[in-house]
Amino acid sequence: MPKPLERVNDFVIKFANVNGSGSASANTLFGKIILRMGVPATPRNIFPSNIQGLPTWYEIRVSEAGWLGSRGGVDLMVPMNPQTWDADMASVEPGGYVLYDSTKPLPPSKFRDDVTVLGVPLTEMCNAAYTDPRQRQLFKNIMYVGALSALLDMEVEVVEKLIAEQYWGKDKLIKPNIAAMHMGRDYALKHLPCPIGLRLRRSDKVGDRIMIDGNAAAALGAVYGGATVCAWYPITPSSSLAEAFASHCKRFRTDPTTTKRRYAIVQAEDELASIGMVIGAAWNGARAFTSTSGPGVSLMQEFIGLAYFAEIPAVIFDVQRGGPSTGMPTRTQQADILSAAYASHGDTKHVLLLPEDPKECFDFGAQAFDLADRLQTPIFVMLDLEIGMNERLSAPFKWDDSRRMDRGKVITAEDLESGKPFGRYLDVDGDGIPFRTYPGTHPTRGAFFTRGTTKDAYARYTEEGPAYIENMTRLMRKFDTAKTLVPQPIRRDAAQPTKLGAIYYGSTSAAMDEALDRLAGEGVQLNTLRLRAFPFPQEVNAFCAAHDRVFVVEQNRDGQIRTLLMSECGIDPAKLVPVLHYDGTPITAKFVADAIGEEAAVVPFRKAVS
């Protein structure tokens with residue numbers, strides 16, 4: 001029999017509930033208590049794509065060392081859903097703990113000999129204390145938070161204070177919730193071995209970091225980036241981004257004197273309409289964006305091609321989920337890379353920004369609008385469900401108040417009046433980016449209309465081959481220019497020289513940070529390059545050339561970034577070893593370290609998959 005786990009500020013707790021049972025409030029409260037005690041914690045909400053009735057889980061990784069990625073495995077399970085009991089029990093690590101509602105006796109076959117079972121008759125206690133069915137359910141959730149506070153040796157004063165904060169403005173709910181918490185806590189103190197081997201101890205490792213999800217951060221970045229127009233259609237997991245933008249705009253885009261709203265948010269009839277509205281607004285000079293996910297990008301293809309060919313700025317926040325088709329709407333993947341990079345028919349190439357955490361969601365969310373104006377093209381900001389919908393500790397956001405919007409090459413009425421030559425698609429300085437005017441800049445000069453058909457450098461319709469080739473070649477020059485403007489990759493070298501490298505991006509970075517620490521401890525030296533944008537700067541080619549083998553870690557089946565590295569950089573496929581995780585759950589450090597550790601010694605290389 002394994003010994004019960006004994007850890008301080010280093011464990012995983014998971015709640016198994018029924019969607020719509022009101023558990024989210026209690027589970028979120030529990031996570032906040034840990035953070036308020038100064039201990040880093042990363043919550044993950046795992047939920048079904050329906051409104052009510054199906055299983056839902058809430059996982060919290062407690063890590064004083066600061067690891068933010070999913071660890072895998074569960075040390076303390078709180079199974080409140082009979083439907084998932086067997087699977088929940090199976091997920092507990094040997095030596096782990098299970099806190100359950102013991103009101104209804106369960107046969108011995110429902111338990112395991114290698115875990116410690118802790119029973120609290122939650123339903124019985126609620127039925128005795130409350131008559132209202134809804135109260136019984138909601139206070140049951142608070143009761144198990146109280147029991148956990150005793151089992152984990154949490155500071156009860158912090159629990160009480162956070163309950164009061166959570167129900168601030170609803171004072172009549174504060175005392176009943178505190179009372180329910182103490183009912184669970186008092187029972188555990190009297191009947192259970194408190195504290196257990198897993199404990200929470202006050203720390204100072206949270207520091208000045210903030211807790212925010214990537215969607216809210218990106219929406220705030222859009223506000224700071226000057227966005228005034230958002231057109232969107234609801235789709236999981238991106239809807240909260242547009243909703244957060246609306247909330248931010250009420251605060252930052254409303255005139256305090258007149259209360260006039262200086263922004264426009266439109267929920268369109270579908271994704272195609274939403275991107276059309278964005279392009280129309282951007283053509284007229286507004287900074288505009290849409291938020292969507294893979295299915296929405298599929299529907300937007302025609303208008304994305306128009307914006308690329310007519311050279312109209314636009315920003316698209318793609319919060320990726322499991323595909324194809326409807327796929328797994330509430331699971332995470334990085335599976336839209338290729339569809340975004342080459343969106344629309346014909347020869348198109350688009351700029352992708354690849355944020356790793358909420359801070360970069362904010363930074364890139366603002367920078368995307370400068371890039372869209374500077375390059376006169378759609379810019380994709382590629383989040384995913386893991387980074388978009390789950391709150392995470394993040395460095396505080398910073399903003400330089402002296403920073404001004406980069407509107408790119410815009411000709412003014414004075415320029416036109418002075419006789420300055422103007423060709424809407426004329427490359428005057430070799431960077432592939434032409435000058436533009438806003439519609440109505442001058443009554444007789446400048447651009448008033450645009451088109452998606454072929455044209456010459458002066459926007460005159462033509463189907464002549466040489467003019468078409470020149471235009472398409474110029475667009476490639478502009479794409480090459482983008483390599484110097486996008487966020488550059490970040491390289492991290494191992495402590496010792498090595499010919500092994502790894503490339504990764506986006507939300508994979510949390511697992512990679514921990515995996516690299518583990519691999520170094522096992523003697524596997526690895527230089528890494530975190531990609532932050534496409535097109536890839538020359539440094540990516542140089543990194544691959546400097547290593548014999550490069551592991552490409554990503555969360556999709558087909559190795560989509562690896563495909564771009566081969567097709568865009570001409571890198572030998574044999575050098576790029578795919579490490580692929582795509583079951584819809586967040587990639588873990590264990591998976592990465594095991595895959596790379598095993599494959600580092602194998603020739604020829606196998607594809608490591610989840």
Side-chain angles (χ1 to χ4, degrees), residues 49 215 218-219 222 227-246 263-330 333 335-353 365 368-369 371-373 375-385 388 439 449-454 475 560:
S49 55
N215 283 355
T228 57
V229 176
C230 169
W232 65 296
Y233 183 78
I235 183 172
T236 302
S238 73
S239 294
S240 63
L241 198 158
E243 292 164 353
F245 181 74
Y263 61 93
I265 300 174
V266 182
Q267 182 177 319
E269 60 266 33
D270 55 33
E271 288 87 352
L272 184 61
S274 67
I275 189 63
M277 294 175 185
V278 167
I279 293 169
W283 165 249
N284 279 280
R287 287 194 154 184
F289 76 92
T290 188
S291 61
T292 189
S293 190
V297 173
S298 295
L299 291 171
M300 295 177 183
Q301 296 286 304
E302 185 174 358
F303 267 140
I304 293 173
L306 171 64
Y308 173 82
F309 202 46
E311 299 181 64
I312 302 171
V315 173
I316 301 168
F317 291 97
D318 180 358
V319 189
Q320 301 166 90
R321 70 189 208 186
S325 188
T326 303
M328 297 188 292
T330 58
Q333 277 188 4
D336 295 348
I337 300 297
L338 288 176
S339 62
Y342 301 125
S344 196
H345 57 277
D347 292 325
T348 59
K349 291 184 180 182
H350 303 290
V351 174
L352 314 182
L353 305 185
F369 292 92
L371 288 170
D373 274 347
L375 294 166
Q376 300 173 32
T377 196
I379 305 292
F380 285 85
V381 184
M382 306 297 291
L383 294 79
D384 57 41
L385 185 145
F449 304 97
T450 190
R451 67 189 335 144
T453 52
T454 55
L475 288 170
Q560 296 186 22

With sequence neighbours left out, write down each residue that passes ring pair (Phe, Tyr, Trp, His ring centres under 6.0 Å) with [X], or none if nothing qualifies.
X: Tyr233; answer: none
X: Phe380; answer: His350
X: Phe317; answer: Phe289

Exam field: side chain Thr348 to backbone Gly305, donor-acceptor pair closer than 3.5 Å: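 Pair absent, no side-chain N/O of Thr348 close to backbone of Gly305.
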Would you find a donor on one side and an acceptor on the other, under 3.5 Å apart, between the side chain of Gln320 and the backbone of Leu383?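 Yes, Gln320 side chain to Leu383 backbone: donor-acceptor pair under 3.5 Å.
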Determine, stepwise, if the pair Asp318 / Val381 fulfils side-chain contact (heavy atoms from CB on, under 4.5 Å). CA-CA 6 Å; Asp318 180 358; Val381 184; over 6 Å; no
Asp384 and Arg321 ion-paired at < 4.0 Å: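 Salt bridge between Asp384 and Arg321, a charged N being under 4.0 Å from a carboxylate O: no.
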Do [X] and [Y] come within less than 4.5 Å of each other through their side chains, counting heavy atoms only?
X: Leu353; Y: Val351; value: yes
X: Ser344; Y: Phe303; value: no
X: Ser274; Y: Met300; value: yes
X: Leu385; Y: Gln333; value: no
X: Val229; Y: Val278; value: no
X: Thr453; Y: Phe309; value: no
X: Thr377; Y: Pro313; value: no
X: Leu299; Y: Asp270; value: no

Which residue pairs pass the side chain to side chain donor-acceptor pair (under 3.5 Å) test with at least one member in residues 291-308, sequence neighbours excluded?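 Not a single pair qualifies under side chain to side chain donor-acceptor pair (under 3.5 Å).
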Atom pair [atom1]/[atom2] of [X] and [Y] - distance to nearest 0.5 Å:
X: Ile379; Y: Asp373; atom1: CD1; atom2: CG; value: 9.5 Å
X: Met277; Y: Ile265; atom1: CE; atom2: CD1; value: 13.5 Å
X: Phe245; Y: Tyr263; atom1: CZ; atom2: OH; value: 9.0 Å
X: Ser238; Y: Glu271; atom1: OG; atom2: CD; value: 8.5 Å
X: Trp232; Y: Thr290; atom1: CH2; atom2: OG1; value: 9.5 Å
X: Cys230; Y: Arg287; atom1: SG; atom2: CZ; value: 15.5 Å

Under 3.5 Å, which donor-acceptor pairs do the side chains of residues 335-343 form with other protein atoms, sequence neighbours left out?
unit_1: Asp336; atom_1: OD2; unit_2: Gly294; atom_2: N; d: 3.2
unit_1: Ser339; atom_1: OG; unit_2: Asp336; atom_2: O; d: 3.1
unit_1: Tyr342; atom_1: OH; unit_2: Glu568; atom_2: OE2; d: 2.5

Looking at every non-hydrogen atom in both residues, tell me the closest pair between Pro237 and Asn215 and how far apart they are.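 Looking at all heavy atoms of both residues, the shortest contact is O-ND2, 2.9 Å.
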State, to 0.1 Å, how close Ala273 and Ala268 come at their nearest heavy-atom pair, and which atoms those are.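 Shortest heavy-atom separation between Ala273 and Ala268 comes out as CB-CB, 3.9 Å.
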Residues forming a salt bridge (Lys or Arg N to Asp or Glu O under 4.0 Å) with Glu311, sequence neighbours excluded: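 Only Arg474, Lys478 meet the salt bridge (Lys or Arg N to Asp or Glu O under 4.0 Å) criterion with Glu311.
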